[in-house]
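To start, the structure under review is shown below, and the notes come after it.
The figures here come from the full heavy-atom set of this structure, side chains too, leaving out hydrogens, waters and symmetry mates. Indexing begins at 1, ligand by ligand and atom by atom, following the structure's order.
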Amino acid sequence: MVQRSADSDELAERVAAHLISRLARIQQHGRVPSIALTGGSIAVKIHETVAESPDRHLVDWGHVDFWFGDERFVPAADPERNARQVRTAMLDHLPVDSARVHEMPAADGRHAGDLDAAAAEYAQQVRTLGSGEFHVVMLGIGEDGHVASLFPGFPQLDVDDTIAVAVRNSPKPPPERLSLTFSALERTRELWFVASGAGKAEAVRRAMDPATDVHEVPASRPRGRQRTFWFLDEEAASQL
Ligand code: 6PG
């Protein structure tokens, strides 16, 4: 389902409203929402918009489980870290329960220098603390068609027997990252792509084309079990 917005501001408003509405509805059904967030610039704008939304009080933020689709393997305080950006933009402004914010390990944590051990630890966290299925997975899209830290031509695209993987020599800096695998990203009721700008238009078009090879455009694979949304501004949707 493609949801077009005029520009990135309207896109952020639309996604923020959709997220608040979805979380509130899940809670009205007596469940604890489990969402996996993404990094990148449009995601930051969305997070900021959620934190400023006049409707944010509709969600009991202390009963939301926050997960991450990927992370840059840098020190916890590094501005490049997705979790830090999510906290600065959104979580620090909402009454979340810190025990329900499940960050991926940082490079200066107990797995310093051991990317594979860090990935294994997060996989274990998802297995033991997760509910077995996300309600929403949000994914930005790179101009090369990557999602999370799953990049074109990388071996992690074919890893389906685990939840999280180490990524080295990432074409998008920083070079060392952690990422959920496709099989983990697809264990979600809804998958939301968010993309803004003309630079994403070709990747979006190819991602939506069933003939596209996942090894060329990783965004062509993950879909939600119930629904998949494409939140696009006009520029990112311009080749559809
Ligand atoms: C990351 C993100 C990455 C991002 C896309 C889009 O760690 O960088 O998880 O997958 O979502 O690269 O980023 P932009 O919205 O900044 O283009």
Task: Any donor-acceptor pair under 3.5 Å from Glu71 side chain to Asn82 backbone - done: yes

Open item on the list: With a 4.0 Å cut-off on N to O distance, would you call Asp116 and Arg168 a salt bridge?
Closed with: yes

Open item on the list: What verdict does the side-chain contact (heavy atoms from CB on, under 4.5 Å) test give for Trp67 and Leu129, after you've listed the backbone C-alpha separation in whole Å, the side-chain angles of each residue and the deciding distance to 0.1 Å?
Closed with: CA-CA 10 Å; Trp67 299 90; Leu129 298 176; 3.9 Å; yes

Task: For Asp70, all residues meeting salt bridge (Lys or Arg N to Asp or Glu O under 4.0 Å), sequence neighbours excluded - done: Arg177

Open item on the list: Could you check whether any side-chain N or O of Ser21 sits under 3.5 Å from a backbone N or O of Ala17, counting only pairs where one atom can act as donor and the other as acceptor?
Closed with: no

Open item on the list: Residue by residue, ordered by chain and number, which ones reach under 4.0 Å of ligand 1 with a heavy atom?
Closed with: Thr38, Gly39, Gly40, Ser41, Ile42, Asp70, Arg72, Asn82, Gly140, Ile141, His146, Ala148, Lys172, Arg177, Lys200

TODO: Answer yes when Arg223 and Glu186 have at least one side-chain N-carboxylate O distance shorter than 4.0 Å, and no when they do not.
DONE: no

